[in-house]
Amino acid sequence: MADWQRTVTCGALRAEHLGTSVTLNGWVNSRRAYNQQVFLDLRDRYGVTQVVIEADAGSPLFDIADGTGREWCLSVKGEVRRRLPGKENAELATGAVEVVARHLEVLNKCPTPPFEVTEFPGEELAGEDIRLQYRFLDLRRPSLQKALLMRNRLNQTIRSFLDGRSFVEVETPLLGRSTPEGARDYLVPSRVHPGSWYALPQSPQLYKQLLMVSGIDRYYQIARCLRDEDLRADRQPEFTQLDVEMSFVDQDDILKLIEDLAVEVFRSCLGMEVTVPFPRLSYDEAMLRYGSDKPDLRYGLEITDVTDWAGGSGFKVFQEAVAAGHAVRAINATGAAGRFSNTELKPGGKLSEVVTRAGGKGLAWLKVEEGKYTGGIEKFFAAGMLEELGRRLGAKPGDLLLLVADAPDKAAELLGGLRTHLAAQLGLVPADAKTFKPLWVVDFPSFMRDDEEGRWVANHHPFTAPRVADIAKLESDTASVKARAYDLVINGYECGGGSIRIHDPVVQERLFAVLGLPAEQAREKFGFLLDALKMGAPPHGGIALGLDRWAMILSGTANIRDVIAFPKNQRARDLMTGAPAPVDARQLKELGL
RNA sequence: GGGGAUGUAGCUCAAUCGGUUAGAGCGCCGCCCUGUCACGGCGGAGGUUACGGGUUCGAGUCCCGCCAUCCUCGCCA
């Protein structure tokens, strides 16, 4: 062992170590210098230990210590000593003791850092772009290290849980074939086949289905997935999924497995017990009550459909909307009447604009007062109708009733947007990062209409099995076909999604046809899958969990970059390495580009 | 591609209605200090106000353009 190597970490020393001789390795967290004495706080990922260097120690020791700065990497040899009485630091786990340096070696210097690595309470962090540029420094911060450790705990929990249930971890290719549908692919040119391209996987979907055909039975993989689409606070171009697939199962088997896994994850990562089974909500009900297929159930503000009431309300705007087949739906923002001024609510006002900017025609509103309703439109309603509305919405004085009329799907979307906006504005979203409201959204429609291309597209993906009873109407009543698909939603984040797959080659070919993929093309692009389905494919299904989002939720951050060691920025650039970057002409030539 | 926000010292921010030499805290440098721990005291350095135009007697501030960063819609089977 080299002379400078540590014998203990910076988080280890306690009163029981008094008098022992130790060597510490770490980074200078902070420095407090006198002309006869220097205090150094030495930091590693385990903690911080105070080191004292005194001038009377003689030798060059003091001068070396005096010359060090923040973020220098040091080795310190010395004795563990009790701090002077009354000088203990209760903030530090090692605060009862300090190390008196007998020898100090500079392992590496550091110039003045471009931003302060040490986090102080109440102090703003440096801008994210400069922290991403020097990500290796940013990752020295305990809070980011904590997120990486949380992610590690999550991965380890998953592996041990699934291993204990006879799942097999199998790696699938990164270099694959581009398939139609889905996200934009990242492409990799082939050198040996000029003009031909690999695609990086959007998910290991087809490989895992083929593993079922092979009899692997229970598969999982912590798999990197790549999608060349625009980024968001919770979306990166490369991200990680826990990919799971099982044979001889039905929907409930998958949901139960993931619920059991979630219990383990919350237990081992946060020491929390979550209640299972999770609530299940049909897609239709989720859209009706929350205006979203990934509702945040941490707060109320449920949507109520009052179309039948609106038709006879006497308010012309509503009655005409209902006559045109539109829906009228409402949110009772309980107690919020005083939180929004009439100016904000009126056309052109801030809250009204939330609806109009999303393409809505307008926002109708009523403030509930003792024995009356105000808002300017109250005079248009027939006698007793406002009282009837109030009864349906459970209105009490001080409540604010918000109504939107539009085509049913649009009304759902508008009120969903309004609901999340209200929750943020009214401070209804718990700030403690310890409230978790998971649910399953089930019974998704199999298909959505793509108006641009004038054809049906798969809502989930083209391998999702329709409900058995709906298979007969695949072609005749496509819109009403429901899928055996399910999404796991936690606190408004889509944290996972999966389905029972089609294992009947005939059904698969019919589904391709509905999507506008002629048999010839289906054979050319998915021949391997169709062949596999013909050769004794078992019934199977699975799910993929977005592990970055799980890590976000467990770490209590709304920023996906906080849980990825080396993330891309919003323009998909790596500010540290500068990727993507031009390449040598020679490289391009070799690739025939 | 659309909408929104931001860009001033190494970092975080301020600068009133367009008006003097663009300020503060932290950091950095120097000196002083043997019990500090977000040490303290004294002194100092540090600015193309992202960039390019324009309006004006005068622009950090107003206008146009452009770049960057973040949020968002579209997009993400």
Side-chain angles (χ1 to χ4, degrees), chain A residues 29-43 48-57 62 69-71 81-92 94-95 98 100 111-134 137 179-185 202-203 205-206 225-237 239 353-354 356-359 413 417 420-421 424 444 446-448 450 452 456-464 483 485 494 497-499 511 515 517 544 546 558-559 561 569-571 573 575:
Chain A
N29 197 52
S30 65
R31 221 172 67 93
R32 297 170 293 280
Y34 298 80
N35 62 359
Q36 297 293 305
Q37 185 185 37
V38 176
F39 293 95
L40 292 180
D41 285 347
L42 207 62
R43 178 196 69 234
V48 171
T49 300
Q50 174 166 288
V51 175
V52 194
I53 300 96
E54 287 161 349
D56 59 6
F62 181 82
R70 284 166 184 257
E71 302 308 323
R81 174 169 87 177
R82 187 183 293 282
R83 291 194 181 193
L84 294 180
K87 301 295 182 184
E88 300 85 1
N89 185 348
E91 305 284 307
L92 286 181
T94 61
E98 62 192 8
V100 196
T112 303
F115 57 89
E116 289 178 53
V117 173
T118 314
E119 299 171 83
F120 299 117
E123 193 101 323
E124 284 294 316
L125 284 177
E128 197 178 11
D129 44 353
I130 194 161
R131 289 189 288 115
L132 285 173
Q133 189 186 337
Y134 297 93
L137 284 183
T179 53
E181 306 260 334
R184 196 175 292 114
D185 285 319
Q202 298 176 25
S203 86
Q205 181 61 35
L206 290 173
C225 305
L226 299 106
R227 296 176 189 175
D228 186 4
E229 298 292 348
D230 285 347
L231 280 57
R232 290 286 185 281
D234 63 348
R235 252 161 49 186
Q236 282 274 302
F239 60 100
E353 292 242 295
V354 172
T356 50
R357 272 220 300 265
E413 178 198 323
T420 50
H421 180 88
F444 282 82
S446 281
F447 305 98
M448 286 181 310
D450 185 328
E452 268 176 40
W456 293 104
V457 292
N459 196 1
H460 195 61
H461 60 55
F463 320 109
T464 299
E494 184 193 323
S499 64
L511 205 130
L515 296 176
L517 198 64
N559 181 349
R561 297 177 294 275
N569 77 356
Q570 208 196 13
R571 298 277 309 280
R573 219 200 294 273
L575 293 177

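Because the structure is a prediction, the values reported are computed rather than measured. All chains are named by letter (A, B, ...) in the order of the sequence lines, taking the proteins before the strands, and each is independently numbered beginning at 1.
A:R81 contributes a side-chain N or O that forms a donor-acceptor pair with the base of B:G35 under 3.5 Å. Under 3.5 Å, the side chain of A:R232 and the base of B:G74 form at least one donor-acceptor pair of N or O atoms. Contact annotation: side chain of A:Q37 to base of B:U36, donor-acceptor pair absent below 3.5 Å.
Closest approach to the A:A183 side chain among B:C71, B:C76, B:U69 is made by B:C76 (side chain taken as heavy atoms from C-beta onward). Candidate nucleotides B:U69, B:C13, B:C28 were compared by shortest atom distance to the side chain of A:R573, and B:U69 ranks first.
Atom OH of A:Y34 and atom P of B:G40 are 9 Å apart (whole Å). The interatomic distance linking A:E54 (CD) with B:U36 (P) rounds to 14 Å, in whole Å. Counting to the nearest Å, the P atom of B:U72 and the CZ atom of A:R235 are 9 Å from each other. Between the C1' atom of B:G40 and the CZ atom of A:F39 lies a distance of 13 Å, rounded to the nearest Å. Protein atom CD of A:E229 is 13 Å distant from nucleotide atom C1' of B:G1, rounded to whole Å. A:D234 places its CG atom 16 Å from the P atom of B:C75, with the value rounded to the nearest Å.
Heavy-atom minimum distance, A:Q202 versus A:F239: O-CZ, 4.3 Å.
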